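Everything below concerns the one structure shown next.
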Amino acid sequence: MTAEITVRRMTPDDLASWRWLRRDGLTRFPGAFILSIDEYEARTDEVEVDFLRHGLVHGVFDGTRPLGMAALRIMPFARARHRAEVGPFYMVPEAQGTGAADLLMEALVTHARELGITQLELSVAADNPRAVRFYERHGFRQEGRLPNAVMMPEGPQTDLFCVRLL
């Protein structure tokens, strides 16, 4: 990795990087995402471009090389527009522990605040202690558990529901 780590909003022009990061995460860590690789591969470029067009996705890059991505999903109802879900959030393994994920989360939080979001929410696999510690470091607190959140080939997975007030 170089010293040219940058974080920016991803646009439809970043489709190839977005798709590469999604495939990489879903292939390497299938239990970390609710979407399966097969379900993702069935999504058209049009669907992915539309998602990127909304400006709620951030990427972290080493020069032009994508290292990670994170998205906000704002609740669509007026009474819940103060809330946004974080996800997906993914860093390539070789960038984990470098501070790049911290920069990405900070950018996501800043953007959420700019949008008037006052509560961030996410789900994380209970058996992923590294991710749980990362989110705790960034102010997320466990508010509940969701047993059988995802059905994996090896059995059901429990997720932790976490919240950060902004």
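Please read all numbers here as calculations on a predicted model, not as lab measurements.
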CD1 (Ile37) with more than 12 external heavy atoms under 6.0 Å
yes
How many angstroms lie between OH in Tyr90 and CG in Leu67, if you round to the nearest 0.5 Å?
10.5 Å
When you look at Met69 and Arg22, which way does the side chain to side chain contact (heavy atoms under 4.5 Å, CB included) test go after all the steps?
CA-CA 8 Å; Met69 50 78 178; Arg22 291 289 281 160; 3.3 Å; yes
Nearest 0.5 angstrom please: Asp14 CG to Arg9 CZ, how far?
13.0 Å
How about Leu52 and Thr11: do any of their side-chain heavy atoms sit closer than 4.5 Å?
no
Take Asp102 and Phe134 through the test side chain to side chain contact (heavy atoms under 4.5 Å, CB included) and record every step on the way to the result.
CA-CA 8 Å; Asp102 295 320; Phe134 171 79; 3.4 Å; yes
What's the spacing between Asp45 CG and Asp50 CG if we round to 0.5 Å?
12.5 Å
Met75 side chain reached by His82 side chain, heavy atoms, under 4.5 Å:
no
If you round to the nearest 0.5 Å, how far is CG of Leu72 from CZ of Arg83?
13.5 Å
Run the salt-bridge test on Arg28 and Glu94 with the 4.0 Å N-O cut-off and return the result as yes or no.
yes
Which atom names give the shortest non-hydrogen contact between Pro147 and Thr158, and what distance separates them?
CA-OG1, 3.8 Å
Would you check if Val124 and Phe89 make a side-chain contact, meaning some heavy-atom pair closer than 4.5 Å?
no
Hey, any chance Val57 and Val49 share a hydrophobic cluster, counting ILVMFWY side chains that come within less than 4.5 Å of each other, even indirectly?
yes
Which residue pairs pass the ring pair (Phe, Tyr, Trp, His ring centres under 6.0 Å) test when at least one of the two sits in residues 43-81, sequence neighbours left out?
Trp18-Phe51, His58-His111
Taking every non-hydrogen atom, the tightest pair across Ser36 and Leu26
O-CD1, 4.2 Å
Quick one, Glu136 with Gln142, criterion side chain to side chain contact (heavy atoms under 4.5 Å, CB included). Give me CA distance, side-chain angles, the key distance, then yes/no.
CA-CA 8 Å; Glu136 286 174 344; Gln142 181 182 335; 5.8 Å; no
Check for a donor-acceptor pair, side chain of Arg73 on one end and backbone N or O of Gly87 on the other, with a separation under 3.5 Å.
yes
For Ser123 and Asp159, which heavy atoms make the closest approach, and how far apart are they?
CB-OD2, 3.8 Å
List the atom of Gly31, the atom of Ala125, and the distance in Å for their closest heavy-atom pair.
O-CB, 4.3 Å
Taking the six-membered ring for Trp, are Phe33 and Tyr40 closer than 6.0 Å centroid to centroid?
no
Is Glu46 atom CD crowded by more than 12 heavy atoms from other residues, nucleotides or ligands, each under 6.0 Å away?
no
Examine Leu35 and Met10 and state if one hydrophobic cluster contains both, with Ile, Leu, Val, Met, Phe, Trp and Tyr joined whenever side-chain heavy atoms are less than 4.5 Å apart.
yes
Flag side-chain contact, heavy atom, 4.5 Å: Leu56 against Leu115
yes
Nearest 0.5 Å, please: how far is CZ in Arg113 from CG in Leu108?
11.5 Å
Quick one: closest heavy-atom pair of Pro76 and Arg81, and the distance?
O-NH2, 2.9 Å
Between Thr44 and Val47, is there a side-chain heavy-atom distance shorter than 4.5 Å?
yes
Test of understanding: clusters of I, L, V, M, F, W, Y form through side-chain heavy atoms closer than 4.5 Å, transitively. Do Leu166 and Phe140 belong to the same one?
yes
Would you confirm whether Gln96, through its side chain, and Met91, through its main-chain N or O, come within 3.5 Å as a donor-acceptor pair?
yes
Using 0.5 Å steps for rounding, measure from the OH atom of Tyr135 to the CG atom of Leu120.
11.0 Å
Using the rule given for side chain to side chain contact (heavy atoms under 4.5 Å, CB included), can you reason through Val92 versus Leu21, listing the C-alpha separation, both sets of side-chain angles and the distance that settles it, and then say yes or no?
CA-CA 8 Å; Val92 296; Leu21 285 163; 4.0 Å; yes
Side-chain contact, heavy-atom cut-off 4.5 Å: Arg164 with Val86?
no
I'd like to know if the side chain of Arg43 and the backbone of Glu48 have a donor-acceptor N/O pair within less than 3.5 Å.
no
Would a single hydrophobic cluster contain both Val132 and Ile34, if residues Ile, Leu, Val, Met, Phe, Trp and Tyr are joined by side-chain heavy-atom contacts under 4.5 Å?
no
Joint cluster assignment, Val150 & Leu122, ILVMFWY side-chain distance < 4.5 Å:
no
